[in-house]
**Student:** 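Handing you this structure, nothing more for now.
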Amino acid sequence: MARNETPAEKLDFIRQIVAEDRRTGKWDGRVITRFPPEPNGYLHIGHAKSICLNFGIAAEFGGRCHLRFDDTNPTKEEAEYVESIQQDVRWLGWDWGEHLYFGSDYFQQMYDWAVQLIQAGKAYVCDLTAEQTRDYRGTLTEPGRESPWRHRSIEENLDLFERMKNGEFPDGSRTLRAKIDMAHPNLNLRDPVMYRILHAAHHRTGDAWCIYPMYDWAHGLEDSIEGITHSICTLEFENHRPLYDWFLDALGVHHPQQIEFARLNLTYTVMSKRKLLRLVQEGHVRGWDDPRMPTISGMRRRGYSPEAIREFCRVIGVNKFNSTVDVQLLEHCLRQDLNKTSPRVMAVLRPLKVVIENYPDGQVEELEAVNNPEDPSAGTRKVPFSRELYIEQDDFMEEPPKKFYRLAPGREVRLRYAYFVTCTDVVKDADGRIVELRCTYDPATRGGDAPDGRKVKATLHWVSAEHAVDAEVRLYEHLFTKENPEEVEEGRDFTANLNPDSLQVLTGCKAEPSLARAKPLERFQFERLGYFCVDPDTAPGRVVFNRTVTLRDTWAKVRQKDDQ
RNA sequence: UGGGGAAUGGUGUAAUGGUAGCACAACUGACUCUGGAUCAGUUAGUCGGGGUUCGAAUCCCUGUUCCCCAGCCA
């Protein structure tokens, strides 16, 4: 590398393979990948890793990436998922162009190829029941036994297979199997099932078929038909690669390279479709798009940006061993993006009324506030200031500890973009609870600067009481109390670690008037509090925000340490 | 006890026989009209044991630990 060149970003092991293949011309320079979800559930952050890998590689190497629905099991798949998956991939920022495919579109071609394998003596119709098949398969340490139907004539196999297709036999009565090796140490090679009989309506092919191909048979064919060069999948398919290769070799068709990588695991969450489904079905969350869910739709509703998710997928890297990424890394990527892009506004979550005693009753000033200090082009806006305001309850302490430098009796602080104010009195109710603060302001500090150069230690956010819009704010914490939700006592499951405080709903929050017009999915930073996103539950007269993530909070850390 | 994979700070990753680097987290400090952001710094790692080599995270031997596989799911 020349001295002045910046070093190229380190390639992960998959990109190294692709780069090498391009260099050697293995696929004539083509790079064709695919993201092949089964439409049986919603996409989650783990899928995002795979999506970014496949679409990312295609984009980086001048290739293309197909979106292909691997819809070979009509009993589990629904059109609803096909729609949500497309929406999520698109939202993440990827484009498959013309290349939207369905495994079910290849059913006829797959059938013809199966016939070809039968003719070559490499597949046979087996009459064993599911239970018998399992029994004949043997175990991890003992070889299996050959099916009594293994040596049927080619003619009989052809006839039976056609009749399977024609619907002459009931579900489960027969299968088509590859004739490989019942003693193979890799159980996947012990005469794997290629077709099962399923009299079920398919979301796309309807009743056209009553035999459906198994994953191992179908997947490689789908890849082959589409001319995929690099078939990237997760680690658990490593054991299946010999079978992937066997089928393609037996047919002598285009043979992509299967490459496996490790799934994503995240602390404080679960990632399997099965477990996410349970959370939904058992009502632990409000649905697939509950903002606490690691689903793409949940994260979108929570306020995540596609950019943040893509950056996260980039920095976590790709490898072949299981690892669990600290959810704080995800939040770091989130804050990094939101900090650059989110307009700042002021909102008070737990209002405490403040009366500025020396401020003229009825007077309203429009003060200028910066929309985004990280982005000058975002401009400024006007915020109304008046005699009665709300500040955050947490921003006042009657008896402040040494490191607390917000408002306290007799202390002066700045109200952001407004004035310096000094607390002169504390009003309490009959139970001794603080209900109101009386303050004075210094008119000379208008805009937030003191001409005499005096300093204050804190700047508080605030909202004019008269102009405030009421809002509901939903605060979220981790769905689980343990880093690893699977860590449970004997006989319990991950639901035992559900965090009872993962959702806290605040009503009567006060937001600056500009927020009255906020639209669903719009993102803001509430100054000093965190990033918030308008929830779709928002309706005229009812503004609802989700807290996406808090700002880093060193005061919270100090307080926590002092508590210990 | 069969077969297939894999082990680098607390976490995620680089280094492909030649100075163990980066990021997150944690901790200091500077700055600040967000206790935000930013900036500077600190702590901390090659699974164990042998070997080859001038030199090993990397090669060899050996041990240990972890993951995946016995669906007519994908």
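Note on naming: letters A, B, ... go to the chains in the order of the sequence lines (proteins, then strands), and numbering restarts at 1 for each one. Computed over heavy atoms, backbone and side chain alike; hydrogens, waters and symmetry mates excluded.
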**Student:** If you count the non-hydrogen atoms of other residues, nucleotides and ligands that lie under 6.0 Å from CD in A:E131, is the total more than 12?
**Tutor:**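 Not more than 12 within 6.0 Å, no.
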**Student:** Rounding to an integer number of Å, can you tell me how far A:F237 CZ sits from B:rA74 P?
**Tutor:**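 From A:F237 CZ to B:rA74 P: 9 Å.
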**Student:** Does A:R204 count as lying over the ring of A:F102, i.e. NZ or CZ under 6.0 Å from the six-ring centre, within 45 degrees of the axis?
**Tutor:**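 Pair A:R204/A:F102 counts as cation-pi.
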**Student:** By the 4.0 Å heavy-atom rule, please label A:R552 as base, sugar-phosphate, or nothing.
**Tutor:**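 Result for A:R552 = sugar-phosphate.
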**Student:** Who does B:rU19 pair with, Watson-Crick or G-U, both distances under 3.5 Å?
**Tutor:**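 The base-pairing partner of B:rU19, which may sit in any strand shown, does not exist here.
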**Student:** Report the relative orientation of the aromatic rings in A:H219 and A:Y244; use parallel for angles under 30°, tilted for 30 to 60°, perpendicular for over 60°.
**Tutor:**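 It falls in the tilted class, 30° to 60°.
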**Student:** Return the value, rounded to whole Å, for the distance between atom CG of A:L334 and atom P of B:rA25.
**Tutor:**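 After rounding, the gap between these two atoms is 13 Å.
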**Student:** Hey, does A:L475 have a side-chain heavy atom less than 4.5 Å from the side chain of A:F532?
**Tutor:**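 Yes; the side chains approach each other to less than 4.5 Å.
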**Student:** Under a 3.5 Å cut-off for both distances, is B:rC31 Watson-Crick or wobble paired, and to whom?
**Tutor:**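 Check on B:rC31: unpaired, no WC or wobble geometry under 3.5 Å.
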**Student:** Is the shortest distance from a Lys or Arg side-chain nitrogen in A:E512 or A:R381 to a carboxylate oxygen in the other one below 4.0 Å?
**Tutor:**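 A:R381 and A:E512: salt-bridged.
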**Student:** Atom CZ of A:R528 to atom P of B:rU32: distance rounded to whole Å?
**Tutor:**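 Taking atom P of B:rU32 as the reference, CZ of A:R528 is at 18 Å.
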**Student:** Under 4.0 Å, counting only non-hydrogen atoms across every strand here, what does A:R134 touch: a base, just sugar-phosphate, or nothing?
**Tutor:**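 Sugar-phosphate only.
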**Student:** Can you check the distance between B:rU16 and B:rC59, where both ends of the measurement are the P atom (answer in whole Å)?
**Tutor:**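 Roughly 11 Å separates the two P atoms.
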**Student:** Could you check whether A:K557 gets within reach of a base, just the sugar-phosphate, or nothing at all, counting any heavy atom under 4.0 Å?
**Tutor:**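 Touches sugar-phosphate only.
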**Student:** Decide yes or no, distance alone: a donor-acceptor N/O pair under 3.5 angstrom between the base of B:rG35 and the side-chain of A:R406.
**Tutor:**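 Looking at the base of B:rG35, it does pair with a donor or acceptor on the side chain of A:R406 (distance under 3.5 Å).
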**Student:** Rounded to the nearest Å, what distance is computed from the CD atom of residue A:E236 to the C1' atom of nucleotide B:rC73?
**Tutor:**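 Computing the A:E236:CD to B:rC73:C1' distance gives 12 Å.
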**Student:** Under 3.5 Å, is there an N or O donor on one side and an acceptor on the other linking the side chain of A:Q16 and the base of B:rU16?
**Tutor:**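 Side chain to base: pair found, below 3.5 Å.
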**Student:** Given the structure, check if the side chain of A:N239 and the base of B:rG3 hold any donor-acceptor pair shorter than 3.5 Å.
**Tutor:**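 Side chain to base: pair present.
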**Student:** Does B:rC24 have a Watson-Crick or wobble partner in any strand here, with both distances under 3.5 angstrom, and which is it?
**Tutor:**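 Across all strands, the one nucleotide that pairs with B:rC24 is B:rG10.
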**Student:** So which nucleotide does B:rG36 pair with, by the Watson-Crick or G-U wobble rule with both distances under 3.5 Å?
**Tutor:**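 In the structure as shown, B:rG36 has no Watson-Crick or wobble partner.
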**Student:** Is there ring stacking between A:F321 and B:rA6, where the centres must be under 5.5 angstrom apart and the planes under 30 degrees?
**Tutor:**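 One would not call A:F321 stacked on the B:rA6 base.
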**Student:** Regarding A:Q525, tell me which of base, sugar-phosphate or nothing describes its non-hydrogen contacts under 4.0 Å with the strands shown.
**Tutor:**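 A:Q525: base contact, heavy atoms under 4.0 Å.
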**Student:** Can we say A:E38 and A:K76 salt-bridge, meaning some charged N sits less than 4.0 Å from an Asp/Glu carboxylate O?
**Tutor:**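 Looking at A:K76 together with A:E38, the answer is no, because their closest N to O distance does not fall below 4.0 Å.
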**Student:** Between the base of B:rC24 and the side chain of A:D326, is there a donor-acceptor distance below 3.5 Å?
**Tutor:**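 It does not, because no donor-acceptor pair links the side chain of A:D326 to the base of B:rC24 below 3.5 Å.
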**Student:** If you look at every strand shown and take non-hydrogen atoms under 4.0 Å, does A:T554 touch a base, only sugar-phosphate, or nothing?
**Tutor:**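 Touches sugar-phosphate only.
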**Student:** Does A:L140 reach a base, just sugar-phosphate, or nothing at all? Heavy atoms under 4.0 Å.
**Tutor:**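 Base contact.
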**Student:** What contact category does A:Y195 fall into here, base, sugar-phosphate, or nothing, at under 4.0 angstrom with non-hydrogen atoms?
**Tutor:**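 No contact.
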**Student:** Any base atoms under 4.0 Å from A:P39, or only sugar-phosphate, or nothing? Heavy atoms, all strands.
**Tutor:**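 Nothing, no heavy atom under 4.0 Å.
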**Student:** In the strands shown, is B:rC66 matched to any nucleotide by a Watson-Crick or G-U wobble pair with both distances under 3.5 Å, and which?
**Tutor:**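 The base-pairing partner of B:rC66, which may sit in any strand shown, is B:rG5.
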**Student:** A:P373 near the nucleic acid: base, sugar-phosphate alone, or nothing, with a heavy-atom cut-off under 4.0 Å?
**Tutor:**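 A:P373: base contact, heavy atoms under 4.0 Å.
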**Student:** Tell me the interatomic distance from A:Y212, atom OH, to B:rG71, atom C1', rounded to whole angstroms.
**Tutor:**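 That distance rounds to 18 Å.
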**Student:** Over how many whole Å does the gap from A:N322 atom CG to B:rG12 atom P extend?
**Tutor:**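 Interatomic distance, CG of A:N322 to P of B:rG12: 10 Å.
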**Student:** Over how many whole Å does the gap from A:E483 atom CD to B:rC24 atom P extend?
**Tutor:**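 Checked: the CD to P distance equals 18 Å.
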**Student:** Between P on B:rU34 and CG on A:L367, what's the gap in Å once rounded to a whole number?
**Tutor:**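 Whole-Å distance recorded here is 16 Å.
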**Student:** Strictly below 4.0 Å, N to O, side chains only: are A:R34 and A:D223 in salt-bridge contact?
**Tutor:**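 Looking at A:D223 together with A:R34, the answer is yes, because their closest N to O distance falls below 4.0 Å.
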